[in-house]
Amino acid sequence: MRKVRAAHRRPERFEDGEREKMAPDMRKDSAARPVADAPSATDRRASFNPLWQGLVGSMMIALGSFGVGWLASVSPMNRNPLLIAIRTEYAGVITSTVVLTLGCWILFRAWLRLGQVNAGWGPDSLKAVKKAVWTWSAPMLLALPIFSRDVFAYIGQGRLVDAGQDPYVTGISSLNNWFQLGTDITWAQDETPYGPLFLLLEYWVFRAVGFSPDLSVLLFRLIAFAGVILCLVYVPKLAALHHVSGAKAAWITVANPLFLISFVASAHNDAVMVGLAVAATYYAATRRGVLAVVLMTASIGIKPITMVLLPFIGLLWAGTDAKWPRKILYWCYTLALFAAIMLAVGLANGYGIGWLKVMLGTGTGSVLFAPVGALNALLSGIFDAFSLPTNWILPVLKIGGRLLSVVLVLVLIFKGKPSHLVQRMALAFTALVVLSPIVQPWYLLWLLPFFAVTGIRDDWQIVWVYFTTAFFIAFGAADQLFIWQFLGDLDPWVKHLSTGISWVAMFYLAYLDPRTRTLFTGLVPSKQWLRVLRSGPKKDEVAPS
């Protein structure tokens, strides 16, 4: 994505030695990039407004999570009288749902306002974004898991490693009391989709805190937060190499409410995977290839999906002005170092290359968010209408999607401008994700940093970020609510309530909010009655009925 260039430029500062280590195409004109004028005193005072708004939203998310967030059955917190009251009574569950959902949208609005207040992206804007990330993350570090319960699967897999079993072969249900430690039943028979490095982290967490699910969640959340910090450090650095505002890239990516909820409150290990991949890309772009390959190998060791980025790391290491013999040579260096590290880890933990099966697998099932899943639903409906068999459709679509993604990745590896290597990397990663049968809400966060550092324009591109972020926040807030089985009749109504609040919030922000509606001017339909509703009738004028 191309950035919007400013008319006036000022010199940019680089860390000592950083300019010399940049790839040749990135060194060109690196002494100039747009910097807005310093914000006025009024602007600086206004910048505190979204910061504290976001803190309120984050605190509401944390408070709401204690009523509808996930807890393991054996957690001592289930015996807390206050939690019993709010988790087992209709009023408590409904109130918690409202507080959690409203908190998400207050945080979302604060994120929009943070971007507006710092729209010039002057010299102090990165500091403001970093302060927002730390401030908004703090309450979520203490929240119960929301939007996903995958963190409890990490506990079970750590137990598998401790028991001497192979998580690439054996499911969690082989363990005693596995369900009481909070793992979703869908993990019962499934092999782990994670890399060997994360298996070690799971094992170390289990050895550190034993069967305590609450302490385990806290440690996994701190590990995930380390990935958030990596992104906060390296997203601005990588953006600067592409002459893109580091503050804006960090705002789009790291301060994004979906990013913080998914990677802090949910404690997803994807945060570490993404953070290591972004850091690796930065070091490859500055020609520190050995460190880049080590970091990318560590990312693959968390989740093997980032293996698709490895060829681009080799190309960046070779230099964007390299000829094909040099590119092939550096691919060999990259592959040899990667293979040596992964084989050493495999020999050390005894699992060999079991992680490779994870990379080659296409997963089970599908979701409607994924194009493959949507096409499967459409074709299945058509074939069902004519009483024709449908069990072959999804397997064929999975294979077709995987083959098409491989073709697109190969094209992007071998074709395209050398100066657009990181952008090509982002597109290759996108092809692999989008053509998968399952696309989870947080998968967007795998891709967002690489697009943000290469430039997201302030037109339909940023609005698309707003839309996808809002959509997946609304989905996660309603879909992943914990409600006891004896309150089952309340379950659908609470989810409808959360969805309704989200729709009202999105409508308000896009049409009625005097601050944020300007972000969508000309990009959402405008009706006369909405203008009347926002501003009211003029003097001596009767509002139309």
Side-chain angles (χ1 to χ4, degrees), residues 150-175 178 181 183 187 190-212 215-216 219-227 230 267-281 283-284 288-311 313-314 317 331-361:
D150 284 0
V151 66
F152 295 105
Y154 306 163
I155 301 172
Q157 289 158 9
R159 290 181 62 201
L160 279 174
V161 176
D162 184 66
Q165 300 189 52
D166 187 348
Y168 295 120
V169 176
T170 307
I172 294 174
S173 60
S174 63
L175 300 168
W178 66 274
L181 286 172
T183 305
W187 288 92
D190 287 353
E191 306 89 349
T192 179
Y194 308 131
L197 177 58
F198 194 69
L199 293 183
L200 288 176
L201 293 175
E202 291 172 328
Y203 168 73
W204 291 335
V205 168
F206 178 74
R207 296 297 296 176
V209 299
F211 289 88
S212 172
L215 288 177
S216 296
L219 289 183
F220 282 121
R221 180 171 283 141
L222 292 176
I223 291 171
F225 190 60
L230 281 173
H268 271 299
N269 61 358
D270 304 61
V272 184
M273 176 196 78
V274 173
L276 289 169
V278 172
T281 305
Y283 285 115
R288 286 170 274 187
V290 174
L291 179 56
V293 175
V294 170
L295 289 171
M296 187 57 73
T297 303
S299 176
I300 296 168
I302 301 295
K303 294 190 79 168
I305 188 71
T306 49
M307 192 173 179
V308 70
L309 307 181
L310 201 59
I313 295 297
W317 186 9
W331 271 341
C332 292
Y333 292 156
T334 301
L335 180 60
L337 183 55
F338 162 75
I341 296 172
M342 294 300 283
L343 287 174
V345 173
L347 289 174
N349 62 22
Y351 301 140
I353 57 172
W355 58 271
L356 191 57
K357 183 176 70 171
V358 177
M359 183 66 194
L360 297 177

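Throughout, residue positions are numbered sequentially from 1 according to the sequence presented. Only this structure's heavy atoms are used, side chains among them; waters, hydrogens and symmetry mates stay out.
Pairing each heavy atom of L160 with each of S174, the nearest pair is CD2-OG, 3.5 Å. M296 and T306 get closest at one heavy-atom pair: SD-O, 4.0 Å. In terms of heavy-atom proximity, S216 sits nearest to G210 at OG-O, 4.2 Å. When all heavy atoms are compared, the tightest approach of G156 to L175 is O-CD1, 3.4 Å. Closest non-hydrogen pair, A292 versus I313, comes out as CB-CG2, 4.1 Å. Shown here for H268 and Y154, the closest heavy-atom pair between the two residues is CA-OH, 3.6 Å.
The closest side-chain heavy-atom distance from V294 to I341 is below 4.5 Å. Between L276 and T297, the closest side-chain pair of non-hydrogen atoms is not below 4.5 Å. Looking at heavy atoms from C-beta onward, E202 lies out of side-chain contact with V205 at the 4.5 angstrom threshold. Looking only at side-chain heavy atoms (C-beta outward), P167 and Y351 come within less than 4.5 Å of each other. Side chains of Y194 and D150 form a contact here, defined as non-hydrogen atoms less than 4.5 Å apart. Within the 4.5 Å cutoff, the side chain of Q157 has heavy atoms near those of the I172 side chain. The shortest distance between side-chain heavy atoms of V161 and N349 does not fall below 4.5 Å.
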Quiz item: For N269 and I223, what are the C-alpha separation, side-chain angles and deciding distance, and is it a side-chain contact (heavy atoms from CB on, under 4.5 Å)?
Solution: CA-CA 8 Å; N269 61 358; I223 291 171; over 6 Å; no
Exercise. Quick one: do R207 and D162 satisfy side-chain contact (heavy atoms from CB on, under 4.5 Å)? Show the steps, please.
Key: CA-CA 8 Å; R207 296 297 296 176; D162 184 66; 3.1 Å; yes
Quiz item: Are T334 and L310 close enough, and set up right, to give a side-chain contact (heavy atoms from CB on, under 4.5 Å), and what steps lead you there?
Solution: CA-CA 8 Å; T334 301; L310 201 59; 3.8 Å; yes
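S299 contributes a side-chain N or O that, together with a main-chain N or O of M273, makes up a donor-acceptor pair within less than 3.5 Å.
V290 pairs in a side chain to side chain contact (heavy atoms under 4.5 Å, CB included) with only one of the listed residues (Y283, W317, Y333), which is W317.
More than 12 non-hydrogen atoms from other residues, nucleotides or ligands lie less than 6.0 angstrom from CG of L222.
Residues passing the salt bridge (Lys or Arg N to Asp or Glu O under 4.0 Å) test with D270 are K303, sequence neighbours excluded. Listed by chain and number, the residues in a salt bridge (Lys or Arg N to Asp or Glu O under 4.0 Å) with D166 amount to none (sequence neighbours excluded).
Atom OG1 of T170 is separated from atom CG of D190 by 12.5 Å, given to the nearest 0.5 angstrom.
The aromatic rings of F198 and F220 sit tilted relative to each other, their planes meeting at an angle between 30° and 60°.
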